[in-house]
Amino acid sequence: MASLKEYHRKRNFKSTPEPAGDEKRDSKRSGKAKKRSLCVQKHLASSLHYDFRLEHNGVLLSWAVPKGPSLNPKDKRLAMHVEDHPLDYGSFEGVIPEGYGAGIVMLWDRGGWNPEPGFEDVDAAMKKGELKFTLAA
């Protein structure tokens with residue numbers, strides 16, 4: 001189930017420029033959207049990685065991708081599921097101070113996505129550990 005509880009637990013919003021988000025507002029906004037958003041952020045933290053985020057149920061489902069994206073569809077990439085992020089994070093760029101996730105965050109790409117047939121129930125697909133989707137510009 002989508003929630004920002006873990007995201008909020010890990011951050012001190014008095015010292016970080018990261019958006020806190022508003023689950024109730026974002027859930028309404030996300031439900032009205034015709035296209036689900038996605039973003040990729042380049043994150044220079046303790047090690048360089050990319051954060052891949054898919055909009056679902058008012059949050060951004062998020063994965064850290066250590067080796068970054070590849071244009072070769074045969075390349076495999078490890079993607080570690082991390083805590084959900086607020087929708088506002090989809091346009092966030094900045095420097096996160098010392099503490100959890102410290103480092104530079106740059107917006108690398110944005111677009112949309114749709115679940116493939118048979119994967120429309122995103123929550124069930126996530127629980128099963130297999131979500132197939134198509135990216136959209």
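Predicted model only: the values in this text are computed from it and were never measured. Below, all heavy atoms of this structure are taken into account, side chains as well, without hydrogens, waters or symmetry copies.
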J.: Which residues pass the side-chain contact (heavy atoms from CB on, under 4.5 Å) test with Leu48, not counting sequence neighbours?
T.: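 Partners of Leu48 under the side-chain contact (heavy atoms from CB on, under 4.5 Å) test: Lys42, Leu44.
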
J.: Considering residues at least two apart in sequence or located in another chain, which fulfil the side-chain contact (heavy atoms from CB on, under 4.5 Å) criterion with Asp121?
T.: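 Partners of Asp121 under the side-chain contact (heavy atoms from CB on, under 4.5 Å) test: Asp123, Ala124.
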
J.: Are Asp75 and Arg77 close enough, and set up right, to give a side chain to side chain contact (heavy atoms under 4.5 Å, CB included), and what steps lead you there?
T.: CA-CA 7 Å; Asp75 286 346; Arg77 293 290 189 255; 4.1 Å; yes

J.: Return the minimal non-hydrogen interatomic distance between Arg110 and Ser91, and the atom names on each side.
T.: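 That closest heavy-atom pairing would be NH1-CB, 4.0 Å.
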
J.: Find the distance between OH (Tyr50) and CH2 (Trp108) and round it off to the nearest 0.5 Å.
T.: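 With rounding to 0.5 Å, OH (Tyr50) is 6.0 Å from CH2 (Trp108).
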
J.: Could you tell me which non-hydrogen atom of Leu135 sits nearest to which non-hydrogen atom of Phe133, and how far apart they are?
T.: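 Between these two residues, the closest heavy atoms are CD2-CE1, 3.6 Å.
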
J.: Going from CG on Leu38 to CG on Leu61, what distance comes out if it is rounded to the nearest 0.5 angstrom?
T.: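 It is 11.5 Å, given to the nearest 0.5 Å.
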
J.: Does any part of the side chain of Ile96, heavy atoms only, come nearer than 4.5 Å to the side chain of Ile104, both counted from C-beta?
T.: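 The answer is no, as the side chains (C-beta and beyond) never meet within the 4.5 Å cut-off.
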
J.: When clusters are formed from ILVMFWY side-chain contacts under 4.5 Å, directly or step by step, what else is grouped with Leu107?
T.: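 Hydrophobic cluster check, Leu107: no partners found.
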
J.: Would a 4.5 Å heavy-atom cut-off, applied to side chains only, mark Pro97 and Pro17 as touching?
T.: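 Pro97 reaches Pro17 side chain to side chain.
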
J.: Quick one: list whatever passes side-chain contact (heavy atoms from CB on, under 4.5 Å) with Ser15, sequence neighbours left out.
T.: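 side-chain contact (heavy atoms from CB on, under 4.5 Å) list for Ser15, sorted by chain: Asn12.
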
J.: Given side chain to side chain contact (heavy atoms under 4.5 Å, CB included), test Val105 with Glu93 step by step and report yes or no.
T.: CA-CA 5 Å; Val105 177; Glu93 289 188 302; 5.7 Å; no

J.: Mind running side chain to side chain contact (heavy atoms under 4.5 Å, CB included) on Val59 and Leu4 for me, showing each step along the way?
T.: CA-CA 8 Å; Val59 300; Leu4 295 177; 3.9 Å; yes

J.: For residues Glu18 and Tyr89, is any side-chain donor paired with an opposing acceptor at under 3.5 Å?
T.: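 Yes, Tyr89 and Glu18 have a side-chain donor paired with an acceptor closer than 3.5 Å.
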
J.: Is there side-chain contact between Arg36 and His56, with heavy atoms separated by less than 4.5 Å?
T.: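 Arg36 reaches His56 side chain to side chain.
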
J.: Looking at residues at least two apart in the chain, or sitting in another chain, which of them share a salt bridge (Lys or Arg N to Asp or Glu O under 4.0 Å) with Glu6?
T.: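 In terms of salt bridge (Lys or Arg N to Asp or Glu O under 4.0 Å), with neighbours along the sequence ignored, Glu6 is linked to Arg9, Lys10.
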
J.: Taking the side chain as every heavy atom from C-beta outward, state whether Val40 and Arg53 have any atom pair closer than 4.5 Å.
T.: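 Heavy-atom side-chain distance check fails, nothing below 4.5 Å.
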
J.: Within the structure provided, determine whether Glu55 and Cys39 are in side-chain contact (heavy-atom separation under 4.5 Å).
T.: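 No; the side chains remain at least 4.5 Å from each other.
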
J.: Rounded to the nearest 0.5 Å, what's the gap from CH2 on Trp113 to CG on Leu54? Could you check?
T.: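 So the CH2 of Trp113 and the CG of Leu54 are separated by 5.5 Å.
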
J.: Test side chain to side chain contact (heavy atoms under 4.5 Å, CB included) on Asp84 and Leu60; report intermediate values, then the result.
T.: CA-CA 6 Å; Asp84 298 337; Leu60 293 172; over 6 Å; no

J.: Measure up the His8 and Phe13 rings against each other and bin them: parallel (under 30°), tilted (30 to 60°), perpendicular (over 60°).
T.: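 The rings of His8 and Phe13 stand perpendicular, inter-plane angle above 60°.
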
J.: Return the orientation label for the His43 and His49 ring planes: parallel under 30°, perpendicular over 60°, tilted otherwise.
T.: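 Correct class here is tilted.
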
J.: Please work out whether the ring planes of His81 and Trp63 are parallel, tilted or perpendicular, with thresholds of 30° and 60°.
T.: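 If you compare the ring of His81 with that of Trp63, the planes turn out tilted.
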
J.: Return the set of residues passing salt bridge (Lys or Arg N to Asp or Glu O under 4.0 Å) with Lys132 (not counting sequence neighbours), or none when no residue passes.
T.: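 Result, salt bridge (Lys or Arg N to Asp or Glu O under 4.0 Å) vs Lys132: Glu130.
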
J.: Which atoms form the tightest heavy-atom contact between Gly21 and Pro86, and what is the distance?
T.: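 That closest heavy-atom pairing would be CA-CB, 3.5 Å.
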
J.: Can you confirm whether or not the ring centre of Phe92 sits under 6.0 Å from the ring centre of His85?
T.: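 Between His85 and Phe92, which both carry aromatic rings, the centre distance is not below 6.0 Å.
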
J.: Do you see a donor-acceptor pair shorter than 3.5 Å between the side chains of Thr16 and Arg11?
T.: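 No - no donor-acceptor pair under 3.5 Å links their side chains.
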
J.: Decide if atom CD of Glu98 counts as having more than 12 heavy atoms of other residues, nucleotides or ligands within a radius under 6.0 Å.
T.: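 At most 12 heavy atoms, drawn from other residues, nucleotides or ligands, come within 6.0 Å of this atom.
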
